[in-house]
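Here's the structure we're looking at; comments come further down.
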Amino acid sequence: MKLILTTAVNNLGVAGDIVDVRSGYGRNFLLPQGHAIAWTRGAEKQIVGIKRARDAREIRGIDHASEIRAQLETLNITVKARSGASGTLFGAVTSSALALAVKSAGGPAIDKRAITVAKPIKTLGTHMVGIKLHDAITAHVPVEVVAA
């Protein structure tokens with residue numbers, strides 16, 4: 001079965017790649033989860049858009065990662081979350097919410113899988129979050145969690 005990946009899949013490829021997989025894997029996992037679309041000549045034109053978006057997000061080397069780290073560490077990142085009177089959150093701040101907060105604070109678009117949190121953020125206040133930009137470079141960014 002020939003498919004076009006829309007997201008990165010471990011041991012298979014990245015977004016925009018055309019892959020040939022077994023029918024069951026494609027039909028039962030990749031297509032329902034939204035990781036791929038069926039290959040057609042018309043869908044192959046979408047690859048250009050997918051690759052352009054991937055190249056815009058991609059970090060091109062250690063120098064570029066250092067520039068992004070310097071940019072991230074100067075940002076004032078604030079996440080609004082619902083909390084109780086004692087300052088504990090109803091749930092936790094997710095990496096998706098953190099990636100969205102970085103983008104809304106004026107930072108670059110960051111993949112939620114690149115964000116690492118030492119322990120789940122479940123209280124109001126300032127927390128340190130690690131963002132892996134390159135194998136050798138990780139930005140440590142303070143994130144302020146405030147009541148919504």
Side-chain angles (χ1 to χ4, degrees), residues 3-22 24-39 43 46-148:
L3 298 173
I4 300 171
L5 295 178
T6 57
T7 61
V9 178
N10 288 341
N11 299 326
L12 194 58
V14 294
D17 288 350
I18 299 173
V19 294
D20 197 15
V21 296
R22 289 190 169 194
Y25 182 56
R27 187 177 52 248
N28 297 324
F29 177 71
L30 295 174
L31 292 174
Q33 296 292 323
H35 295 300
I37 57 175
W39 179 89
Q46 292 179 337
I47 293 174
V48 176
I50 292 171
K51 286 185 178 180
R52 188 178 320 122
R54 181 181 70 196
D55 290 341
R57 284 191 313 267
E58 191 173 85
I59 295 176
R60 292 176 283 285
I62 292 178
D63 297 333
H64 189 236
S66 297
E67 292 173 13
I68 292 175
R69 180 178 68 185
Q71 178 187 5
L72 286 173
E73 291 175 348
T74 60
L75 290 178
N76 221 356
I77 301 170
T78 304
V79 176
K80 293 182 181 178
R82 292 183 32 202
S83 66
S86 63
T88 57
L89 300 181
F90 299 137
V93 177
T94 62
S95 58
S96 307
L98 292 170
L100 193 63
V102 168
K103 179 95 172 130
S104 65
I110 295 194
D111 188 18
K112 67 180 181 180
R113 293 171 288 203
I115 297 174
T116 57
V117 181
K119 60 180 184 173
I121 299 175
K122 294 187 177 192
T123 59
L124 298 176
T126 305
H127 301 276
M128 289 301 287
V129 173
I131 301 173
K132 186 174 182 178
L133 301 171
H134 192 269
D135 290 336
I137 297 178
T138 301
H140 297 285
V141 181
V143 175
E144 181 76 23
V145 179
V146 295

Where do [X] and [Y] come nearest, in terms of heavy atoms and distance?
{"X": "P108", "Y": "V102", "value": "O-CG1, 3.8 Å"}
{"X": "S66", "Y": "I137", "value": "OG-CD1, 3.3 Å"}
{"X": "R113", "Y": "A8", "value": "NH1-O, 3.8 Å"}
{"X": "R27", "Y": "L31", "value": "CA-CD1, 4.3 Å"}
{"X": "L3", "Y": "A38", "value": "CD2-CA, 3.8 Å"}

Should [X] and [Y] count as side-chain neighbours, where that means a heavy-atom distance under 4.5 Å?
{"X": "V79", "Y": "I121", "value": "no"}
{"X": "H127", "Y": "V145", "value": "yes"}
{"X": "V14", "Y": "L5", "value": "no"}
{"X": "V93", "Y": "V143", "value": "no"}

Would you confirm whether T6, through its side chain, and G34, through its main-chain N or O, come within 3.5 Å as a donor-acceptor pair?
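A pair under 3.5 Å: yes.
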
Ignoring hydrogens and geometry, is there a side-chain-to-backbone donor-acceptor pair from S83 to A147 under 3.5 Å?
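Here the side-chain-to-backbone pair does not exist.
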
Can you check side-chain contact (heavy atoms from CB on, under 4.5 Å) on V141 and L98, steps first, answer last?
CA-CA 11 Å; V141 181; L98 292 170; over 6 Å; no

Let's go through V21 and F29 carefully: what are the C-alpha distance in whole Å and the side-chain angles of both, what is the deciding distance for side-chain contact (heavy atoms from CB on, under 4.5 Å) to 0.1 Å, and is it a yes or a no?
CA-CA 11 Å; V21 296; F29 177 71; over 6 Å; no

